[in-house]
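Everything on this sheet refers to the single structure shown next.
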Amino acid sequence: MGSQFLDLLLVDPALLQARLRGDAPDLVDAVYRAADAPDERLRPAFEVMARGTFVFLSKGVEHPEGAMYGRAVEHLLSTLAHRKWCLEYYPDESEHPLWELSYRRCDAEWLDLPASESGIPAIAWRSPETCRSLSGSIAHALSSRTFNERYSPEATLREAKDALAEASSSGHGLFTIFQG
């Protein structure tokens, strides 16, 4: 397995949740009027969101339209983000903080996206508390030099630590999109 990419997005989770539960009935028009409108094939997912009928399944449960829903949520996150980071590293379980950031179960019960065989990115939210804990773990690894540069370059760890610290202090937490 080669290096992987992990997008980190600082987004107020209340904004995303409102769109998913139908608090923005003009969502479809707003999304497709924007300069960075998504692919038309995602329109049905946004229509479901606007009606407030966007239903998530348990992690790992397959859904034939899982890829469409995942890509629609990914688009919303990218347009709502106050700040974005992209980490490139080689995921290895021994590099615990980055492994947790990438693979830990989502902290938001309302954001369990359906699985899909099409290789959609894994989207999750990390609470401010989780961000604070992971930032502390990374800071310790950096100060004690207990990380493997081959799997987690120092610059990547510093960027992750800074993003996590900002997400924790913002009170919003952090959304992750694992591009495996």
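For residues 134-146, every residue pair satisfying the salt bridge (Lys or Arg N to Asp or Glu O under 4.0 Å) rule, not counting sequence neighbours, is listed here: Arg145-Glu154.
Counting all heavy atoms, side chain and backbone alike, Ser168 lies closest to Arg132 at OG-NH1, 2.6 Å. A pairwise comparison of heavy atoms in Pro128 and Gly173 identifies CG-N, 3.7 Å as the closest pair. When all heavy atoms are compared, the tightest approach of Ala24 to Arg19 is CB-CG, 4.4 Å. Annotation for Ala160 and Leu87: closest pair CB-CD1, 3.6 Å, computed over non-hydrogen atoms. When all heavy atoms of Leu9 and Leu174 are compared, the pair lying nearest together is O-CD1, 3.5 Å. In this structure, Glu74 and Ile123 approach most closely via the heavy-atom pair N-CD1, 3.8 Å.
Here the side chain of Lys84 pairs no donor or acceptor atom with the backbone of Leu10 at under 3.5 angstrom.
Every residue was checked against the side chain to side chain contact (heavy atoms under 4.5 Å, CB included) condition with Asp162, not counting sequence neighbours, and none meets it. Judged as a side chain to side chain contact (heavy atoms under 4.5 Å, CB included), and not counting sequence neighbours, the contacts of Ala37 are Tyr32. Checked against salt bridge (charged side-chain N to carboxylate O under 4.0 Å, His left out), Glu166 has the following partners two or more places apart in sequence or in another chain: Arg83. Partners of Ser127 according to the side chain to side chain donor-acceptor pair (under 3.5 Å) rule, which considers only residues two or more places apart in sequence or in another chain, are Asp107, Glu129, Thr130. A search for ring pair (Phe, Tyr, Trp, His ring centres under 6.0 Å) contacts involving Tyr151 returns Tyr90, not counting sequence neighbours. With sequence neighbours left out, the salt bridge (charged side-chain N to carboxylate O under 4.0 Å, His left out) criterion links Asp7 to no other residue. With sequence neighbours excluded, the residues satisfying side chain to side chain contact (heavy atoms under 4.5 Å, CB included) with Thr176 are Leu6, Leu8, Leu101, Ala124, Arg126. Under the salt bridge (charged side-chain N to carboxylate O under 4.0 Å, His left out) criterion, Asp12 pairs with no residue, sequence neighbours left out. Partners of Asp36 under the salt bridge (charged side-chain N to carboxylate O under 4.0 Å, His left out) rule, at least two apart in sequence or in another chain, do not exist in this structure. Residues passing the side chain to side chain contact (heavy atoms under 4.5 Å, CB included) test with Ala165, sequence neighbours excluded: Ser135. For Thr79, the side chain to side chain donor-acceptor pair (under 3.5 Å) test picks out no residue, with sequence neighbours left out.
Between Leu134 and Glu100 there is a side-chain heavy-atom pair separated by less than 4.5 Å. You'll find the side chain of Phe147 stays beyond 4.5 Å of the side chain of Pro97, heavy atoms only. Residues Met49 and Leu76 have side chains in contact (heavy-atom distance under 4.5 Å, counting atoms from C-beta outward). Contact check for Val31 versus Leu42: no side-chain heavy atoms found under the 4.5 Å cut-off. No side-chain heavy atom of Leu16 sits under 4.5 Å from any side-chain heavy atom of Trp125. The shortest distance between side-chain heavy atoms of Arg71 and Pro38 does not fall below 4.5 Å.
Here the straight-line distance linking atom CG of Leu80 with atom CZ of Phe175 works out to 8.5 Å at 0.5 Å rounding. Between the NZ atom of Lys161 and the SG atom of Cys131 there is a distance of 13.5 Å, given to the nearest 0.5 Å. Atoms OG and CG, on Ser133 and Leu164 in that order, are 9.5 Å from each other to the nearest 0.5 Å. Gln4 contributes atom CD, which lies 12.5 Å from atom CG of Leu98 (distance to the nearest 0.5 angstrom). Between atom CG of residue Asp23 and atom CD of residue Gln17 there is a gap of 8.5 Å, rounded to the nearest 0.5 Å.
Each of Tyr103, Trp99, Phe5 was scored for a ring-ring contact (aromatic ring centres under 6.0 Å, His included) with Phe178, with one residue passing: Tyr103.
The aromatic rings of Phe46 and His75 sit perpendicular to each other, their planes meeting at more than 60°, with 30° as the lower class boundary.
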